[in-house]
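A short write-up of the structure that comes next.
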2 protein chains.
Amino acid sequence: MNYAQARSRAEILKALAHPLRVLLVEALTGGDQCVCELNKLADIDQSGLSRHLALLKRAGVVSDRREGMKVFYHLETPCIMRALECAFEVAKAGVKRNRKLLATG
Amino acid sequence: MNYAQARSRAEILKALAHPLRVLLVEALTGGDQCVCELNKLADIDQSGLSRHLALLKRAGVVSDRREGMKVFYHLETPCIMRALECAFEVAKAGVKRNRKLLATG
DNA sequence: GTACAATATGCGCATAATCGCATATTGTCA
DNA sequence: TGACAATATGCGATTATGCGCATATTGTAC
C-alpha cells in the first residue's frame, strides 16, 4: 500500500472518528432517516448535525435524498458497522489490558 | 448505543484515521517490526513516528516489547484490517459515484 | 405574495492534532 | 567510564476540527 492509498483510507476513517458520527451511522443501519429524526439522537445544535452529515456525505459514507421539506440520509456502506464492531472489541480488550497493567505494575 | 459507547468507538477510529498510522497497521499485519524498520515506510522524522506509534498503543491497537536496543511493535487487532478493507471499498465507490455525477450533471 | 418548517452555510472562537527541532532516555559495547 | 545506536519526550508553530450563533436556502400551505 502506498501513501496515497493510505490517505484515502484515512479519510474515511476520519469521517467516522467522532462520537456523534458513530451514533449517526449506527442509527442509519436501521434504515434511512430524516435529519429531524437524527436530531433526537444527541443534544446537539441543528446546524452542527447538518455539518456532521455533510461530512459523512463528502466521505461517501452516506447519501441523501430530498422528500418534500425533509432530507433523508441513507447509509451507503453497512460494512462500516462491522468495522465498528471490531473497533469496539479492541477498545474493550485495551481497557482490560490496561487494568491488568495497573494491577500488576 | 449511548454517547459514551460511541465515544470509545470514535477513539479507536481516530487512532486509525491518519495515513501514516494506516500504513503502520498494515505493515504490522505481516508480523512484528521494530521502529527502525517501520521508519522506512514513509519519509517522516523519527520522533514523529514514535509519537504515532505511542498513539496507536494508547488506543490499544498495538503493543510494544523491548529487545535490546530495539522496540518491536505488535498488532493486537488484526481484525482492524477488515475495517481498512471496508474503508477502501467505500473510497473506491465514492470515486465512482463522483465520476458518475460529473458525467450526468 | 406571507408565514412557517426543515435543512444548510458563513463566521468567529476555542480546542486539538500534527510537525520539526532539540534533547532526554535506555541499552550496548569497548 | 565514554561513545554510539535506537527510541521517546518537551516545546513552539501551524493547521485542522468542532461548536454556537445568526442567517440563508428550500419547500409547503395559505
Does A:G68 reach a base, just sugar-phosphate, or nothing at all? Heavy atoms under 4.0 Å.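 Sugar-phosphate contact only - A:G68 comes under 4.0 Å of backbone atoms but never of a base.
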Can you figure out which of C:dT7, D:dT7, C:dA8 approaches the side chain of A:S47 most closely?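 That would be C:dA8.
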Which nucleotide in the list D:dA8, C:dT7, C:dG27 gets nearest to the side chain of A:Q46?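 The answer is C:dT7.
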Distance from [X] atom [atom1] to [Y] atom [atom2], nearest 0.5 Å?
{"X": "B:S63", "Y": "B:K57", "atom1": "OG", "atom2": "NZ", "answer": "8.5 Å"}
{"X": "B:L28", "Y": "B:M81", "atom1": "CG", "atom2": "CE", "answer": "10.5 Å"}
{"X": "A:L41", "Y": "A:E26", "atom1": "CG", "atom2": "CD", "answer": "8.5 Å"}

What is the separation between atom [atom1] on [X] and atom [atom2] on [N], rounded to the nearest whole Å?
{"X": "B:Y73", "N": "D:dA8", "atom1": "OH", "atom2": "C1'", "answer": "8 Å"}
{"X": "B:L20", "N": "C:dT18", "atom1": "CG", "atom2": "P", "answer": "10 Å"}
{"X": "B:I44", "N": "C:dC21", "atom1": "CD1", "atom2": "P", "answer": "12 Å"}
{"X": "B:Q33", "N": "D:dT7", "atom1": "CD", "atom2": "C1'", "answer": "16 Å"}
{"X": "A:L55", "N": "D:dG18", "atom1": "CG", "atom2": "P", "answer": "7 Å"}
{"X": "B:L56", "N": "C:dT18", "atom1": "CG", "atom2": "P", "answer": "10 Å"}
{"X": "B:R51", "N": "C:dT23", "atom1": "CZ", "atom2": "C1'", "answer": "12 Å"}
{"X": "A:R21", "N": "D:dT17", "atom1": "CZ", "atom2": "P", "answer": "9 Å"}

If you pin A:D64 and A:M69 to their nearest nucleotides in DNA chain C, which one's is more 5'? A:M69
Under 4.0 angstrom between A:H52 side-chain N/O and D:dC19 OP1 or OP2: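 Yes.
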Can you find a side chain N or O atom of B:K14 that sits less than 4.0 Å from OP1 or OP2 on D:dT17?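 So the side-chain polar atoms of B:K14 never come under 4.0 Å of the phosphate oxygens OP1 or OP2 of D:dT17.
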Nearest-nucleotide comparison on DNA chain D, the residue closer to the 5′ end among B:V71 and A:E67: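 Result of the comparison: B:V71.
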Residues B:E67, B:K70: salt bridge by 4.0 Å N-O rule: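 So B:E67 does not pair with B:K70 through a salt bridge.
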Side-chain touch B:R9/A:E85, heavy atoms, less than 4.5 angstrom: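 Yes, close enough: below the 4.5 Å cut-off.
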